[in-house]
Each structure stands twice: as structure tokens, then as C-alpha cells.
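Worksheet for the structure shown next.
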Amino acid sequence: MTMEKLLCFLVLTSLSHAFGQRDMSMKAFVFPKESDNSYVTLKAQLTKPLKAFTVCLHFYTELSSTRGYSIFSYATKRQNNEILIFWSKDIGYSFTVGGSEILFEVPEVTVAPVHICTSWESASGIVEFWVDGKPRVRKSLKRGYTVGEDASIILGQEQDSFGGSFETQQSLVGDIGNVNMWDFVLSPDEINTVYLGGPFSPNVLYWRALKYEVQGEVFIKPQLWS
């Protein structure tokens with residue numbers, strides 16, 4: 001290896017380490033206790049604003065009957081809750097785009113790993129929300145809106161300002177994994193493929209080549225779900 005290639009290799013290795021790029025297959029981020037300073041920042045592959053998206057992930061927590069908690073927080077400098085997936089006690093899932101919120105009720109709460117997928121498109125405002133491979137009734141939100149690309153994406157906390165202003169009582173205690181994001185709406189067949197663990201490569205966040213940074217008391221452990 002020439003000196004020039006060696007230096008290039010060392011620079012790339014250093015950058016990869018700094019961003020924490022890793023194949024997270026069969027792994028999960030574990031948030032073992034409440035905090036206002038433990039979280040994971042995800043680095044998205046975005047070059048333009050979003051007119052549609054799909055987010056899918058697994059999470060596992062005992063908090064659902066106790067209090068609310070953030071599942072996925074995407075902020076921009078113009079809007080803290082650009083995209084937010086949040087669990088609200090006695091209500092269910094809260095889904096936010098551009099600061100506007102809609103709710104998806106859950107009739108009963110069980111302590112088990114949960115898989116969710118949610119999608120939104122600007123052209124119609126249609127939101128789809130899938131829990132463990134089963135769709136909720138479609139709803140509409142922020143028709144004509146565009147989601148900014150200058151994103152701060154956080155797991156484990158809700159952002160009340162860009163990249164910060166966390167509250168302990170909104171933190172996730174538990175595991176989260178298989179976080180993937182696309183810049184288009186997945187079809188029902190594609191969502192079923194993702195739910196069953198099949199390959200469908202995302203282009204915004206990719207769990208098998210994830211760029212991330214960990215802050216505070218967060219650990220990477222084997223997944224507890226199949």
C-alpha cells in the first residue's frame with residue numbers, strides 16, 4: 001500500500017469511527033434507566049426536503065401503562081417536532097408532522113416487543129400506521145407540507161429544541177432497534193416484507209449500515225426479539 005493510499009485509509013477509518021458507522025443486524029440500543037442526557041443521534045442520508053417518508057422500527061419497554069415516552073424524534077431548526085412518534089399513556093400512539101399531531105388508539109397494552117411502521121405523503125397528507133404488521137385506519141395530516149432535510153434525529157429522548165432540551169419524563173427506558181427510514185411511502189406488501197424481516201433496503205436510515213453517536217448511558221446488546 002502506498003503512503004497516499006494508507007493516509008486515505010486512515011482518514012476514512014477515523015471518520016467511520018467518529019460517526020460510529022456499523023452493521024447493527026440483530027443488535028439493539030438499550031436505555032436502562034430514565035435520564036435527560038442519554039440518547040442516540042442518527043445520521044441521515046438526506047440531500048433534499050422530504051415530500052414523503054416511511055419509518056419502521058422495533059421497541060420494547062414496560063413504560064406504556066406508566067407514562068408517555070418518545071420513540072422517534074426528528075427535529076429541524078424551524079420545527080422541533082418535524083417528525084415525532086410518541087407514546088401517550090391512556091391514549092396510544094401520537095404521530096406528528098410539522099408540529100401537527102394525530103392519534104392512533106391502542107385498545108390494550110401488553111409488555112412485549114413491538115414493531116411499528118408509519119408513512120406520510122405530502123400530496124394527500126395520508127398517514128398510515130402499522131403495529132406488528134397490522135394497519136390502523138388511515139388518517140390525514142399536513143397536506144402540502146415539506147419536511148426539512150437539516151435533521152437532528154434522536155432515539156431515547158424528545159427534542160424540545162434542535163438537538164436538545166430533553167425531559168426525563170419523556171425518555172425511553174427499554175430497547176430500540178431495526179430503525180430504518182425511506183424517502184417514499186412503502187406499499188402494504190413492502191411493509192409486510194419489512195415486518196417479516198425480509199430485505200428492502202432503506203435510503204435515509206439503514207440499520208445495517210447505521211451512522212450514529214451515543215451519549216450517556218446507552219448500550220448496544222443483542223436483540224430480544226426474533
Does any part of the side chain of T118, heavy atoms only, come nearer than 4.5 Å to the side chain of W130, both counted from C-beta?
no
Could you check if a side-chain atom of N192 sits within less than 4.5 angstrom of a side-chain atom of E190, using non-hydrogen atoms only?
no
D160 and E167, any side-chain heavy atoms less than 4.5 Å apart
yes
Quick one: does any side-chain atom of S171 pair with a main-chain N or O of T168 as donor and acceptor, under 3.5 Å?
yes
What's the separation between atom OG in S65 and atom CG in D90, rounded to the nearest 0.5 Å?
9.0 Å
Using 0.5 Å steps for rounding, measure from the CD atom of E82 to the NZ atom of K142.
8.5 Å
Can you tell if the side chain of L141 reaches within under 4.5 Å of the side chain of F95, non-hydrogen atoms only?
yes
So which of L155, I154, V214, I153 actually passes side-chain contact (heavy atoms from CB on, under 4.5 Å) with T41?
I154
Taking R67 for the side chain and Q169 for the main chain, is one N or O donor matched with an acceptor at less than 3.5 Å?
yes
Backbone N/O of T76 and side chain of D150: donor-acceptor pair under 3.5 Å:
no
Knowing that exactly one of V40, D175, T61 qualifies, which makes a side-chain contact (heavy atoms from CB on, under 4.5 Å) with F31?
V40
For Y74 against A151, the heavy-atom pair lying closest together
CZ-CB, 3.3 Å
F200 and W182 aromatic ring geometry - parallel, tilted or perpendicular at 30°/60° bounds:
tilted
Near R78 CZ, under 6.0 Å, is it more than 12 heavy atoms from other residues, nucleotides or ligands?
yes
From CA spacing to verdict: side-chain hydrogen bond (donor to acceptor under 3.5 Å, both in side chains), T47, E149:
CA-CA 7 Å; T47 58; E149 77 275 22; over 6 Å; no
Does a side chain donor of either E158 or S73 reach within less than 3.5 Å of an acceptor in the other side chain?
no
Can you find a side-chain donor-acceptor pair between T96 and E101 that sits under 3.5 Å?
no
Atom of S70, atom of Q157 and distance for their closest heavy-atom approach:
OG-O, 3.2 Å
Pair E217 + K33: basic N to acidic O under 4.0 Å:
yes
Count the heavy atoms belonging to other residues, nucleotides or ligands that lie under 6.0 Å from CD of E105, then report whether that count exceeds 12.
no
Just to verify, which of V127, V137, V131, I85 counts as forming a side-chain contact (heavy atoms from CB on, under 4.5 Å) with F104?
V127
Are any of the side-chain nitrogens in R138 or E128 under 4.0 Å away from the carboxylate oxygens of its partner?
yes
Any side-chain donor near an acceptor of the partner, D23 and S25, under 3.5 Å:
yes
Just by distance, no angles: are the side chains of H58 and N178 close enough, under 3.5 Å, to form a donor-acceptor pair?
yes
Sub-4.5 Å side-chain heavy-atom contact between K51 and F184:
no
Testing the 3.5 Å rule here: is there a donor-acceptor pair between the side chains of E121 and S124?
yes
Could you tell me if the ring centre of F53 sits under 6.0 Å from that of W120?
yes
Check each of Y39, W207, Y60 against F29 using the ring-ring contact (aromatic ring centres under 6.0 Å, His included) test, and report the only one that passes.
W207
K139 NZ/CZ over F129 ring centroid, <6.0 Å and within 45° of normal:
no
Check whether any side-chain heavy atom of S38 lies under 4.5 Å from a side-chain heavy atom of Q215, and answer yes or no.
no
After noting the C-alpha distance and the side-chain angles of W87 and Y93, does the key distance pass the ring pair (Phe, Tyr, Trp, His ring centres under 6.0 Å) rule?
CA-CA 5 Å; W87 173 267; Y93 294 101; 5.1 Å; yes
